[in-house]
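Per chain, numbering begins at 1; letters A, B, ... match sequence-line order.
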2 protein chains.
Amino acid sequence: MARSSSDATRDRIVKAANSLFYGKGIRAVSVDAVAEKAGITKKTLYYHFRSKDDLVAAYLASRDQPNLDAFAGYFEAAQGPLPARIRAIFTGIATAARHRRWKGCGFLRIAAELVDTPGHPAVKAAGAHKKRVETWLAEIIAAEGVAEADRVARQIVLLMDGAFATMLVHHDVAYIESAGDAAATLLANAAREAR
Amino acid sequence: MARSSSDATRDRIVKAANSLFYGKGIRAVSVDAVAEKAGITKKTLYYHFRSKDDLVAAYLASRDQPNLDAFAGYFEAAQGPLPARIRAIFTGIATAARHRRWKGCGFLRIAAELVDTPGHPAVKAAGAHKKRVETWLAEIIAAEGVAEADRVARQIVLLMDGAFATMLVHHDVAYIESAGDAAATLLANAAREAR
DNA sequence: GTCTATAAGCCGATAGAC
DNA sequence: GTCTATCGGCTTATAGAC
């Protein structure tokens, strides 16, 4: 697969956009700032992206798979019964949340910021990402033979998003652990009912 | 208590700010737009508020009690065992969420938008509001003799915030009902363990 | 209603690769 | 000599503030 030098430039721009948009939000970051961070001129940025919205969409697209991989990594690194491994996802998020640059879930924050334009491509990208997480959870839960895996998976994503949202307000990782406890409880409950 | 005409003007401004900031977000709304909506000049607005941030703080302060009252109203209007009444809070939110102008939780959305300034007065106001909701929930749960009411109350606020956050992404009230189901399950579980 | 700063987006030009 | 990728500077609009 050919890889021109412009692909490398494009990557640098997306990386800069990722750092700035995730760190400060969309409307708080100018296109000039992204260009400067990427070490290029605005003209070059507009050569690679049609608009700022285009750049935002590219930023979110670049985070979809890595985000999902992170969750899967937390889960797969854990051992023990299923509720404990699900709880490990939350513990993993809590560990990440202790870092300085952590600013919650970029997908949720963009959906919050673009609330007045629900049809925006970035909001759709956020929805697609969240659906992927929910589907992935339903699959790993169903694989363990738990009844109503879809229902429990949805409750768990609600707790994950609740943890992300609450963190923006309180900046206290204890809430993430509480969400993990709740998720483990709901899962154990569903498994018990199935018996 | 004396009530000058300037208080009435201030109220009009806060009302306009509420409508616009809640509907579109903070950075998406200009001070000009708020002044125009309030039917005054920008000069008058800046006589009553030192800055836009000041206005944002006043907007959030005006929503604290009404928001809490709404949750309490949903709860008190419901009947039956405690889990059913807690679930009624979520059903009430779902009903509200069906309206056109509903845009999730204004407190959460502001915390998301102001993520780069965690010490901002508006973020602190959001934190105070969420703490009030959590404390209120813990009290009504403890009043029913449920053990570990604090723990369950926290899990329920996580589900409420999860429902608010998820709605911004999916715009599907079914998620709010799922959160209500989870809250009722967790509560029934805690009550059963106490027996 | 005026001021100053800054936003998004566009134009003309050019250096090197093939 | 055409194509790709880049640059510096410019325009128009709108922001917050007084």
CZ of F164(A) to CD1 of I176(A): how many Å apart, nearest 0.5 Å? 7.5 Å
Test side-chain hydrogen bond (donor to acceptor under 3.5 Å, both in side chains) on E134(A) and Y175(B) and set out the steps. CA-CA 12 Å; E134(A) 186 175 341; Y175(B) 280 90; 2.5 Å; yes
Assess the residue pair D161(B) and K130(B) against the criterion (salt bridge (charged side-chain N to carboxylate O under 4.0 Å, His left out)); give the C-alpha distance rounded to whole Å, side-chain angles, the decisive distance to 0.1 Å, and a yes or no. CA-CA 9 Å; D161(B) 288 343; K130(B) 292 293 178 186; 2.8 Å; yes
Quick test of your reading: applying ring-ring contact (aromatic ring centres under 6.0 Å, His included), list the pairs with at least one residue in residues 79-113 of chain B, sequence neighbours left out, ordered by first then second residue. F107(B)-H129(B)
Expressed as a whole number of angstroms, how long is the span from E36(B):CD to dA15(D):P? 11 Å
Atom-to-atom span, NE2 of H48(A) to P of dC7(D) - whole angstrom: 9 Å
Run the salt bridge (charged side-chain N to carboxylate O under 4.0 Å, His left out) test against D32(B) and tell me which residues pass, sequence neighbours left out. K42(B)
Does NZ or CZ of R109(A) lie under 6.0 Å from the centre of the six-membered ring of Y22(A), at an angle within 45° of the ring axis? yes
Report yes if a side-chain nitrogen or oxygen of T44(A) is closer than 4.0 Å to either non-bridging phosphate oxygen (OP1 or OP2) of dT6(D); otherwise report no. no
Quick one: is dT6(D) close enough that its OP1 or OP2 comes under 4.0 Å of any side-chain N or O from Y47(A)? no
In chain order, what residues pass the side chain to side chain contact (heavy atoms under 4.5 Å, CB included) check against A125(B), with sequence neighbours excluded? L60(B)
All pairs passing side chain to side chain donor-acceptor pair (under 3.5 Å) where residues 136-146 of chain A contributes a residue, at least two apart: R85(A)-E144(A)
Among residues 12-22 of chain A, which contact DNA chain D at a heavy-atom distance under 4.0 Å? none
Contacts under 3.5 Å, N or O only, protein and nucleotides 16-18 of chain D:
from	atom 1	to	atom 2	distance (Å)
dG16(D)	OP1	K52(B)	NZ	2.4
dG16(D)	OP2	V31(B)	N	2.7
dA17(D)	OP2	Y46(B)	OH	2.9
dA17(D)	OP2	K52(B)	N	3.1
dA17(D)	N6	K42(B)	NZ	2.5

